[in-house]
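To keep things clear, I will list the structure first and then write my remarks on it.
Lettering of chains follows the sequences in order, A, B, ..., and the numbering in each one begins at 1. Both backbone and side-chain heavy atoms feed into the values below; hydrogens, waters and symmetry mates do not.
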There are 2 protein chains.
Amino acid sequence: MTIDFRNAAEELIQHNGGRATAGRIGILAILLAEQHAITHREIEHRLPESLPLDRVTLYRALEWLVEKNLIHKVTSDDRVWRYHANREVHAHRHAHFKCTRCAQVICLDDLPEKRNWHLPAGYRFQEIELTVKGLCADCC
Amino acid sequence: MTIDFRNAAEELIQHNGGRATAGRIGILAILLAEQHAITHREIEHRLPESLPLDRVTLYRALEWLVEKNLIHKVTSDDRVWRYHANREVHAHRHAHFKCTRCAQVICLDDLPEKRNWHLPAGYRFQEIELTVKGLCADCC
DNA sequence: ACAATAAACGCAACTTTGTTGCATTTTCCA
DNA sequence: TGGAAAATGCAACAAAGTTGCGTTTATTGT
């Protein structure tokens, strides 16, 4: 199981012209295996003991993966980035759900239309960032 | 002009059962005078020399003002809270606009309908947090 | 007007998240 | 397989925000 994610991760990394280092593979495999967007710290805890990775290296690897569009970052109100592997669903921009009790984050599929947003004169639209907050099934 | 904001601030604070200290009045007056949501640091810089306020006191005053519903906080992707005085417009929840160049934040008036968001089974909706990103008139 | 007291405040120290510079190690490919 | 480029690890730093605690201040009742 894990091995499949590792293989997929390695392939994805190489197809993007990056070096398939143990760190990157491990990180991406963790994110591929994960349903929810997770924090830097959660990734760190999921790393096997056989792969001790420096905090900074983890930050840089995540940055690289975001750049290469293999994962994406989610803003949150707790000042912590969460990361999630990109799948087909994420080809387009999408909304996120965050549980107000356990802080779990998942991806939703819709985003409101851009034209609904009448900005003041002279303002230019670029993108929408939307988080729905509530309770997840476990916390309800 | 400033004096009007100070008077309004003092009244608002007293009507909420809080002590009208120089700090709170000064802070709320600044926020009342401000069009945009501004950061802790920006507030600090706007404080007159006659009112040197400790960082911590500022944080605590802001926290109190949020609790009392006199101001509200805005989440942002730069991990910094921005604060804005509540006006009639803000009686209901609303969206925000953030300029991707100068980081200025303003309030918009609409929010998409809750029912548009079909969450997974068992999830409970609470609220929406939405930021439109783009360029403001000055940065276009 | 004034004293008592609860609420604010200021200071110092700490935490968390993330970043930067630089020397060392590793990957990849010629 | 050996050398260049890329990735890593370490140490130090930075920004935002929090906590504990002793001191000051605004309010309230007399």
Side-chain angles (χ1 to χ4, degrees), chain A residues 6 9-29 37-45 47-68 70-83 103 105, chain B residues 6-7 9-29 37-45 47-68 70-83 98 103 105:
Chain A
R6 292 185 57 84
E10 183 163 5
E11 200 172 325
L12 282 166
I13 290 166
Q14 282 168 339
H15 275 86
N16 274 275
R19 291 192 181 170
T21 62
R24 279 185 184 167
I25 296 172
I27 293 167
L28 185 49
I38 57 178
T39 63
H40 172 275
R41 180 172 277 238
E42 288 168 322
I43 296 169
E44 210 171 12
H45 286 147
L47 283 169
E49 274 189 39
S50 55
L51 181 63
L53 214 53
D54 191 76
R55 258 163 31 84
V56 176
T57 305
L58 178 44
Y59 275 117
R60 292 202 263 236
L62 288 169
E63 194 182 0
W64 184 86
L65 291 167
V66 169
E67 254 171 41
K68 294 305 179 184
L70 295 175
I71 65 176
H72 64 282
K73 284 190 195 191
V74 185
T75 301
S76 180
D77 55 4
D78 56 9
R79 322 191 320 121
V80 181
W81 289 110
R82 285 177 174 72
Y83 301 86
V105 174
Chain B
R6 293 186 56 83
N7 288 340
E10 184 165 3
E11 202 171 325
L12 283 166
I13 290 165
Q14 283 170 337
H15 275 87
N16 275 274
R19 290 196 183 168
T21 62
R24 282 186 182 166
I25 295 172
I27 293 167
L28 184 50
I38 56 178
T39 63
H40 172 275
R41 181 173 276 236
E42 288 169 321
I43 297 170
E44 209 170 12
H45 286 147
L47 284 168
E49 274 189 40
S50 54
L51 182 61
L53 215 52
D54 190 76
R55 259 164 30 84
V56 176
T57 304
L58 180 43
Y59 275 117
R60 292 202 261 235
L62 288 170
E63 193 181 0
W64 184 86
L65 291 167
V66 168
E67 253 171 41
K68 294 304 177 183
L70 295 174
I71 66 176
H72 64 282
K73 285 188 191 191
V74 185
T75 300
S76 181
D77 55 4
D78 56 8
R79 319 190 322 120
V80 181
W81 290 107
R82 285 177 174 71
Y83 301 86
K98 178 169 177 195
V105 173

Interatomic distance, A:W81 CH2 vs D:dA16 P [rounded to whole Å]: 15 Å
Identified side chain to side chain contact (heavy atoms under 4.5 Å, CB included) counterpart of B:L12 within the set B:I25, B:L70, B:N7: B:L70
Spacing of CG belonging to A:L28 relative to CD belonging to A:E10, to within rounding of 0.5 Å: 10.5 Å
Whichever of B:R55 and B:G18 has its nearest DNA chain C nucleotide further upstream toward 5': B:G18
Residue-phosphate contact under 4.0 Å: B:R41 side-chain N/O, D:dA15 OP1/OP2: no
Rounded distance (Å) that lies between atom C1' of D:dG17 and atom CG of B:D54: 13 Å
Selection from C:dT17, C:dA8, D:dA7 that lies nearest to any side-chain heavy atom of B:W64: C:dA8
Between C1' of C:dG10 and OH of B:Y59, the distance in whole Å: 15 Å
Interatomic spacing from NZ in A:K68 to CD in A:E63 - rounded to 0.5 Å: 12.0 Å
Straight-line distance of A:E67 CD to A:N16 CG, nearest 0.5 Å: 11.0 Å
Close side-chain approach of A:T75 and A:W81, heavy atoms under 4.5 Å: yes
Euclidean distance, atom CG of residue A:L58 to atom P of D:dC10 [Å, nearest integer]: 14 Å
Rounded distance (Å) that lies between atom C1' of C:dT27 and atom CZ of A:R24: 10 Å
Mind listing the side-chain donor-acceptor pairs of residues 55-62 of chain A below 3.5 Å, one per line with the distance, residues two or more places apart or on another chain?
none

Terminal axes of the helix from C:dA1-D:dT30 to C:dA30-D:dT1 (five pairs each): angle between them, nearest 10 degrees: 30°
Residues in side-chain contact (heavy atoms from CB on, under 4.5 Å) contact with B:R82, at least two apart in sequence or another chain: B:A37, B:T39, B:V74, B:S76, B:D78, B:V80, B:K98, B:A103, B:V105
Distance in angstrom units between B:H45 NE2 and D:dA16 C1', rounded: 14 Å
Pairwise side-chain contact, B:L53 with B:I27, heavy-atom cut-off 4.5 Å (strictly under): yes
Between the protein and nucleotides 19-22 of chain D, list the N/O to N/O atom pairs that are separated by less than 3.5 angstrom.
residue, atom, partner, partner atom, Å
D:dG20, O6, B:R60, NH2, 3.1

Dump every N/O contact between nucleotides 1-5 of chain C and the protein below 3.5 Å, one line per pair.
none

Touch class at under 4.0 angstrom, heavy-atom based, for B:A20 against every strand present: sugar-phosphate
Between D:dA14 (P) and B:R79 (CZ): distance, integer Å: 15 Å
Phosphate-side-chain proximity, B:T57 and C:dA8, N/O vs OP1/OP2 below 4.0 Å: no
Sugar-phosphate, base or nothing in reach of A:T21, heavy atoms under 4.0 Å: sugar-phosphate
Partners meeting side-chain contact (heavy atoms from CB on, under 4.5 Å) with B:P52 (sequence neighbours left out): none
A:E42 CD - C:dG18 P separation (whole Å): 12 Å
